[in-house]
Protein chains: 2
Amino acid sequence: MTTGARRGPYICGIDAAMDVVSGKWKSLILWELANYGARRFGELKRGLPGVSEKMLIQHLREMEEDGLVHREVYRQVPPRVEYSLTEQGRSLNEALGALGEWGTARSARLAAEEAAVSA
Amino acid sequence: MTTGARRGPYICGIDAAMDVVSGKWKSLILWELANYGARRFGELKRGLPGVSEKMLIQHLREMEEDGLVHREVYRQVPPRVEYSLTEQGRSLNEALGALGEWGTARSARLAAEEAAVSA
DNA sequence: CCGCATCCTGCAAGATACTG
DNA sequence: CAGTATCTTGCAGGATGCGG
């Protein structure tokens, strides 16, 4: 796997958290799993427009290794695999709540400025 | 400047926030300025062991453009420049609080597991 | 003291094609 | 359906040296 050198010595808590969330789709995966519960690979892919299968599986594997995601395989044909959040994953998603609200507020502010310019 | 294509259309609030915090030292800069108030370039550099002048100034400029940081120049010899947080910068730092705590808890957990292994 | 200009490298992520 | 495998690329970030 591409799994780079992670788990390095962290300077502060933010670093430790960022190490685990950094990745273009990870926060979205977290949000998706937090809101829909267990989801299948294909469902996640459809829920994250633009993600490639490579990045999706790579992120899921890393998040599993980081203890955020649980992977359940149901041996049957066609194969069925479900991903869900662990307790750590849920708590991380909650910790991201405030940041998400800040970002939403910022987006709204930028949109308002944009509108003011074109007015 | 290297300022890449930012301010893209965001999928969610987290994205908007991440766009602004992503950068190896940005969260540290935020923390430094939040805790020490206005700081000079050299003070920041000393406070962030390992940062290069290039990255420091690059991050500061981007954060200034993003409305997180205020740059005050005092025309004198030797030159004196002070950086401080804007209201937006302070609120972002607060929004990062929960994430920082999560990361600290995670670090502690990892350290405990590490200790358990070597025991 | 506070930067700027270049060159260079490594890794995240995209593209494309194939499989149990 | 749920992945693998391989090639390629873009850009963040490091190293180094100079300048007002």
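Remember, it's a predicted structure, so these values are computed and weren't measured experimentally. In what follows, every chain begins at residue 1, and chains take the letters A, B, ... in the order their sequences are listed.
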query: What residue pairs, at least two apart or across chains, pass salt bridge (Lys or Arg N to Asp or Glu O under 4.0 Å) with a residue in residues 70-79 of chain B?
result: none
- prompt: B:Leu48 versus A:Ile11: any side-chain heavy-atom pair under 4.5 Å?
  reply: no
- prompt: Please give, in whole Å, the distance from C:dA13 P to B:Met18 CE?
  reply: 11 Å
- prompt: Taking CG from B:Leu48 and P from D:dG13, how many angstroms apart are they, rounded to a whole number?
  reply: 13 Å
Report all interatomic pairs (protein N or O, nucleotide N or O of nucleotides 3-6 of chain D) with separations under 3.5 Å.
residue	atom	partner	partner atom	Å
D:dG3	OP1	A:Arg61	NH2	3.2
D:dG3	OP1	A:Arg71	NH2	2.5
D:dG3	OP2	A:Tyr83	OH	2.7
D:dG3	N7	A:Glu53	OE1	2.8
D:dG3	O6	A:Glu53	OE1	3.0
D:dT4	OP1	A:Arg61	NH1	2.7

message: Whole angstroms only, please: what is the CD-P distance between B:Gln58 and C:dG3?
response: 14 Å
message: How many whole angstroms separate atom CG of A:Leu44 from atom C1' of D:dC1?
response: 13 Å
statement: note: A:Lys24, atom NZ; D:dA12, atom P; distance rounded to Å ~ 12 Å
message: Does any part of the side chain of B:Asp19, heavy atoms only, come nearer than 4.5 Å to the side chain of B:Asp15, both counted from C-beta?
response: no
field: Contacting residues from residues 25-37 of chain B, given that a heavy atom lies under 4.0 angstrom of DNA chain C
entry: none
- prompt: With respect to the side chain of A:Pro79, which nucleotide from C:dA13, C:dG20, D:dG14 is positioned closest?
  reply: C:dG20
B:Arg90 side chain to B:Ala34 backbone, donor-acceptor under 3.5 Å: no
query: Does OP1 or OP2 of C:dC1 have a side-chain N or O of B:Arg40 closer than 4.0 Å?
result: no
query: So how far off straight is the helix from C:dC1-D:dG20 to C:dG20-D:dC1, going by the axes through five pairs at either end, to 10°?
result: 50°
- prompt: In terms of ring plane angle, is the pair A:Tyr83 and A:Phe41 parallel, tilted or perpendicular, where the classes change at 30° and 60°?
  reply: tilted
Any B:Leu68 side-chain heavy atom under 4.5 Å of B:Glu62 side chain: no
query: Does A:Asn93 reach the main-chain N or O of A:Gly89 with its side chain, forming a donor-acceptor pair under 3.5 Å?
result: no
query: Quick one: B:Arg75 CZ to C:dC1 P, roughly how many Å, whole number?
result: 18 Å
task: Measure the shortest side-chain to side-chain distance between A:Thr86 and A:Val69 over non-hydrogen atoms and say whether it is less than 4.5 angstrom.
output: no
message: When you compare the side chain of A:Lys26 with that of A:Met55, does any pair of heavy atoms fall below 4.5 Å?
response: no
- prompt: Rounded to whole angstrom units, what separation is found between the CZ atom of B:Arg80 and the P atom of C:dC2?
  reply: 8 Å
field: Between C:dC11 (P) and A:Met55 (CE): distance, integer Å
entry: 15 Å
- request: May I ask you to evaluate whether A:His59 reaches the phosphate of C:dA12, defined as a side-chain N or O under 4.0 Å from OP1 or OP2?
  value: no
task: Scan for salt bridge (Lys or Arg N to Asp or Glu O under 4.0 Å) pairs involving residues 97-119 of chain B, sequence neighbours excluded, and state none if there are none.
output: A:Asp66-B:Arg106
- request: State, yes or no, whether a side-chain contact exists between A:Val51 and A:Leu28 at a heavy-atom distance under 4.5 Å.
  value: no
task: Quick one: which residue pairs count as a salt bridge (Lys or Arg N to Asp or Glu O under 4.0 Å) with a foot in residues 34-52 of chain B, not counting sequence neighbours?
output: B:Glu32-B:Arg39, B:Arg39-B:Glu43, B:Lys45-B:Glu53
statement: Whichever of B:Arg46 and A:Ser22 has the more 5' nearest nucleotide on DNA chain C, that residue is B:Arg46
